[in-house]
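Worth saying up front: this structure is predicted, and the values here are computed from it rather than measured. Throughout, a chain's letter reflects where its sequence line sits, starting with A, and its residues are numbered from 1.
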Amino acid sequence: MTTTGEARARAERYEPRAIEPKWQARWAELRLHDTDLWDTSRERFYLLTMYPYPSGALHIGHWYIVTPTDAIARYKRMHGLNVFLPIGFDAFGLPAENAAIKNRINPRDWTEKNMENMRRQFRSMGATFAWENSLATCDPEYYRWNQWMFTKFMESGLAYRSVSPVDWCPNDGTLAREQVEGVERRCWRCGAKVEKRELPQWYLRITNYADELLNFEGIDWPEPIRIMQTNWIGRSSGAEVVFQTAPSDHHAGGEELRVFTTRPDTLFGATFMVLAPEHPLVASLTSPDRRAEVEAYVEAARAKTEIDRLSAEREKTGVYTGGDAINPVNGARIPIYVADYVLMGYGTGAIMAVPAHDERDFAFARRFGLPVVNVVMPRGADADAELEQAFTEHTVDEVMVNSGRFTGRPAADAWHEIVAWLRERGLGETAVTYRLRDWLISRQRYWGTPIPVIHCEACGPVPVPEDDLPVLLPDAVDYQGSGDNPLNRDEAFLRVDCPRCGQPARRETDTMDTFIDSSWYWFRYLSPHNSEGPVDPTLAEMWTPVNQYTGGAEHAVMHLLYSRFFTKAMRDLGLINQSEPFRRLFNQGQILGADGERMSKSRGNVVDPDDLVARHGADTVRLFLMFMGPWDQGGPWSPTGIGGVAKFLGRVWAIATDPRGREPSDPNSGQLPAGETEADARNRMRAAAHRTLRDVTVDYEGFRWNTMVAKLMELSNVLWRYRGTSVAGLPEWDEAVRLLLLMLAPAAPHITEELWSRRLEAGGEAWESIHVQRWPSVDESAVAEATREIPIQVNGRLRDKVTVDVGISQIELEQIVLARDKVVAAIGEAQVARVIHAGGKLVNIVVKG
RNA sequence: GGCGAAGUGGCGGAACGGCAGACGCGGCGGUCUCAAACACCGCUGGGGGCAACCUCGUGUGGGUUCGAAUCCCACCUUCGCUACCA
């Protein structure tokens, strides 16, 4: 018998550091992953993963997204598809600028350096990106097309400038609405409390596409994302109703006051009205004796941050303006209040308040002692009962009360009848309102795409002519140690003549939200250096929509919604002719820090993949991330268990390189399992390999990596048991090893390539990468089984098992089953009522008594 | 408050109408070693039994079914998103 030391000296061990860089270099040299986009001979597959922000280094979360995406690419290539898997950098944005201010360096240098490091890291994981098609959004070659499209949008009216209250972060300037987070109303980037400011800003009319964005036909996206987008767009249908202001000492009256309501059936119950503090009619409605109070309230509301406005247990506040309105259905004179629970940005910024049937109005009425009039009640209820809370049910069996001519009508019908009545008199109409607002894209920051506009005193804002694009972002900037946009001080940048009238004018200094960049980048990957236009129409037609997109769900109502909008807007510019960007979307889960919190430098819980790779090798890290759990789940990072994956690869290595090796410390090593013949073993290996292939293929298709890896582990365990025995090295063994390597190749590309090349060498064959091999096909005859073990239940409880021929008839099976000792014992004195044969998989005997 | 997802061994998780706990970690016992690490072999949901086996078990309570972790109803808990949207 050999000693362990001798055995080890003989068998070469798996050493990832020795093989991974070698193959990465070889793949790059052979340009194995650059895609020939013009190849029409094969089916195309555009696989896209969300491009990263060049923060400096990849963290384990990037690996968690990219590793399986890369495995999909490799798997699809093995099916003969022409796969395009590009990567680039979301290279504009605040961290670069903040780093620049702090360290007094140029954001461009900082960004370039980070991208270089991250490219190295991507290569170290063996990712098969098409680097030839890479892009960085801070490159003028890229952002000039942001500008070009912006000017087109200006021409078509899709981009516009407007002065309105915007969310303002003291550090980061203006924010889009979805960049303000949580109850606390904090900035998504820096966490500062967000205020409201009144500023002239640029917007894109995403609301024009609200209805189209609600339609998800033809795209296969996760239900939760579709729901989130649907809720975010927030379509609600109701009616717009015109009230008139009532004349009084200080106000002439007769002015239209429009409100939006989803409950026109409750119109008779409107006992007061409420205007948002910003509403234009507030000033003229306010009576002299109330002016001081109203102005103070409006001023306070403006100064308040949203947090304050929402805090205090949502206690309702407000003041009476001294003005009144006339309810169009019954002529009632009702008071008009100002209150900040009504928002200027939604509907018309004014509401009719129906305290009996709206919780907020009810609370307000209670607080201010305003009348509550019931107008919709359950059939048979007391019409004038005093309500404890607002009655908001609106099902089928409510009837109208206190509603003039409509009293007694079913509430469901009255909804339409009242709208019809209003329509006839020109006092109202059905209307649809959206929660979605136009997209605020101005940012008072330097490191972004300059908005290509020139402000001329005579001509107003004028788009920069196409021939003058791009408006280059000046590289030499002086921050003077402040967060101010340095473009505001850059005279060379600012001074320009008006392209329309030639008079001296001034450039716009705001830059674009970086979500503009990411709203069309996948088109640009197809022709990143194209100087004719943003997209190459032929390539776009060939390759888009993207077949599969992978990335985090946190972008549900930001990037993923903007991208859909942009695709439609680009379609309407005639650039492309498709309406959706991503045919299929998969949202992987998020890897959290070991503490269960989101990974961040400030928390100090970031996991560095370089360390892990240095210790275990890229293949082990890749496989471990895939093995952790379902891909859409994510979870807290824990490295315990990575040793199990390393052990698995070590065994694969030993199986492939040393089939005759034995385990010195195992006395049974080299022996077939007790009672098993060589023929049994050969069948078993073959069956195991082909069953694994059948099942693993399904897992690959469904991105179920954890079970995929588990099944490959099972197959390796079968082979491990036979290693060193008389069947090791026989054709069945050899076939099983071959299949194991092929199935593992997309997930663990380096070790499989190494072992594959050794096989070819040993067999005297010329080298050909494992990654260009065809995915094997299942031999059904190997999978088929002659006998089957049938579990036997009595009244649903497992009592016995029996192995029978697969083709056995139910009658025969029943005879065998009922004769089994354990079954007889379990039945006892009882009577057999029924015998259930569950598809030949199980027998259940139902007994009574 | 609203919308959504999820609750299974000590842990990550399999199974998604038909043998609960695949696969792996950890733990326990053993082989090898001067020793440690590595590697290897065996056991490992709880309770009972020398054993074959019995019994209880998938957040809680009901229901449907021959049979429920899986389907239905109610509740509890956790995590995401949202937040006075008229």
Side-chain angles (χ1 to χ4, degrees), chain A residues 3-5 7-8 13 178 181-183 185 222-225 227-228 230-232 234 236 238 259-263 266 274 306 309-310 314 316 339-343 345-354 358-361 363-364 433-437 553-554 556-557 589-590 592 596 624 627-630 632-633 635-636 638-645 647-648 650-651 654 662-669 704 706-714 716-717 720 789-801 822 833-839 841-847:
Chain A
T3 69
T4 325
R8 208 164 292 154
R13 301 192 59 181
E178 44 282 357
E181 295 187 327
V183 197
R185 307 264 89 203
E223 176 93 21
I225 298 287
I227 291 171
M228 273 192 251
T230 302
N231 291 345
W232 186 259
S236 59
V259 301
F260 174 76
T261 178
T262 54
R263 293 293 304 275
T266 64
V274 185
E306 297 254 337
R309 229 165 126 161
L310 295 173
R314 287 190 194 165
K316 294 278 178 291
D340 62 11
Y341 82 91
V342 173
L343 310 172
Y346 184 81
T348 61
I351 61 160
M352 63 175 206
V354 185
D358 181 280
E359 283 170 32
R360 294 151 302 179
D361 299 345
F364 193 87
T433 297
Y434 301 90
R435 217 186 72 119
L436 183 72
R437 316 287 168 81
E554 65 273 17
V557 296
Q590 217 172 33
L592 306 171
F624 177 59
F627 186 56
M628 279 175 54
D632 60 1
Q633 205 169 287
S638 161
T640 34
I642 197 165
V645 171
K647 192 163 95 181
F648 163 62
R651 287 183 175 192
R662 296 190 183 184
E663 292 307 324
S665 52
D666 175 13
N668 291 323
S669 181
R704 284 191 291 274
N706 58 327
T707 53
M708 180 274 285
V709 175
K711 283 162 194 162
L712 294 181
M713 285 175 167
E714 280 184 86
S716 82
N717 287 344
W720 185 253
E789 189 181 51
I790 308 278
I792 306 166
Q793 297 181 336
V794 176
N795 280 352
R797 299 173 75 91
L798 183 73
R799 292 300 175 187
D800 198 7
K801 292 178 191 182
K822 285 180 190 167
R834 268 172 84 186
V835 178
I836 311 266
H837 295 263
K841 279 188 290 185
L842 170 146
V843 171
N844 187 16
I845 301 158
V846 186
V847 301

Query - With A/R799 via salt bridge (charged side-chain N to carboxylate O under 4.0 Å, His left out) - residues at least two apart - result: none

Query raised in the report: To the side chain of A/E714, which of B/C40, B/G13, B/A22 is closest?
Result: B/A22

Query raised in the report: A/L842 has a side chain; which of B/C85, B/C19, B/C41 sits nearest to it?
Result: B/C19

**Report entry** Counterpart residues, side-chain contact (heavy atoms from CB on, under 4.5 Å), relative to A/N795 (two or more places apart)
**Finding:** A/V846, A/V847

**Report entry** Nearest listed nucleotide, side chain of A/M228, among B/C81, B/C19, B/C23
**Finding:** B/C81

Report summary line: As its Watson-Crick or G-U partner within any shown strand, both distances under 3.5 Å, B/C3 has B/G80

Query raised in the report: Of the nucleotides B/A86, B/G67, B/A39, which one has an atom closest to the side chain of A/L343?
Result: B/A86

Report task. Just label B/G9 as syn or anti from its O4'-C1'-N9-C4 or O4'-C1'-N1-C2 angle, using within 90° of 0 for syn. Result -> syn

Query raised in the report: OP1 or OP2 of B/C23 sitting under 4.0 Å from any side-chain N/O of A/N706?
Result: no

Query - ring-ring contact (aromatic ring centres under 6.0 Å, His included) against A/Y346, all qualifying residues, sequence neighbours excluded - result: none

Report summary line: Residues at least two apart in sequence or cross-chain that pass side-chain hydrogen bond (donor to acceptor under 3.5 Å, both in side chains) with A/N844, listed by chain then number, are none

Query raised in the report: Where the side chain of A/I227 is defined as all heavy atoms beyond and including C-beta, which of B/C66, B/C3, B/C84 is the nearest nucleotide?
Result: B/C3

Query raised in the report: Using purine N1 to pyrimidine N3 plus N6-O4 or O6-N4 for Watson-Crick, or N1-O2 and O6-N3 for G-U wobble, both under 3.5 Å, which nucleotide pairs with B/G42?
Result: B/C28

Report summary line: Across all chains, not counting sequence neighbours, the salt bridge (charged side-chain N to carboxylate O under 4.0 Å, His left out) partners of A/R360 are A/D358

Query raised in the report: Hey, does A/Y341 have a side-chain heavy atom less than 4.5 Å from the side chain of A/D361?
Result: yes

Query raised in the report: To the side chain of A/Y341, which of B/C38, B/A86, B/C84 is closest?
Result: B/C84

Query - Watson-Crick or G-U wobble mate for B/G18, both contacts under 3.5 Å - result: B/C66

Query raised in the report: Applying a 3.5 Å limit to both distances, which nucleotide forms a Watson-Crick or G-U wobble pair with B/U60?
Result: B/A74

Query raised in the report: Out of B/A14, B/A86, B/G18, which nucleotide sits closest to the side chain of A/S236?
Result: B/A86

Query raised in the report: Any donor-acceptor pair under 3.5 Å joining the side chain of A/K316 to the base of B/C84?
Result: yes

Contact list (N/O, under 3.5 angstrom) for nucleotides 48-59 of chain B vs protein:
from: B/C53; atom 1: OP1; to: A/K822; atom 2: NZ; distance (Å): 3.3
from: B/U55; atom 1: OP2; to: A/R799; atom 2: NH1; distance (Å): 3.4
from: B/C56; atom 1: OP2; to: A/R797; atom 2: NH2; distance (Å): 2.6

Report summary line: Closest of B/A39, B/U82, B/C41 to the A/W232 side chain is B/U82

Query raised in the report: Which nucleotide in the set B/C19, B/C40, B/A22 lies at the smallest distance from any side-chain heavy atom of A/Q793?
Result: B/C19

Requested in this report: Compare the minimum distances between each of B/A14, B/C84, B/U82 and the side chain of A/T707, then state the nucleotide with the smallest one.
Outcome: B/A14

Query raised in the report: Under 6.0 Å from the six-membered ring centre of A/F364 and within 45° of its axis: does the NZ or CZ of A/K316 meet both?
Result: no

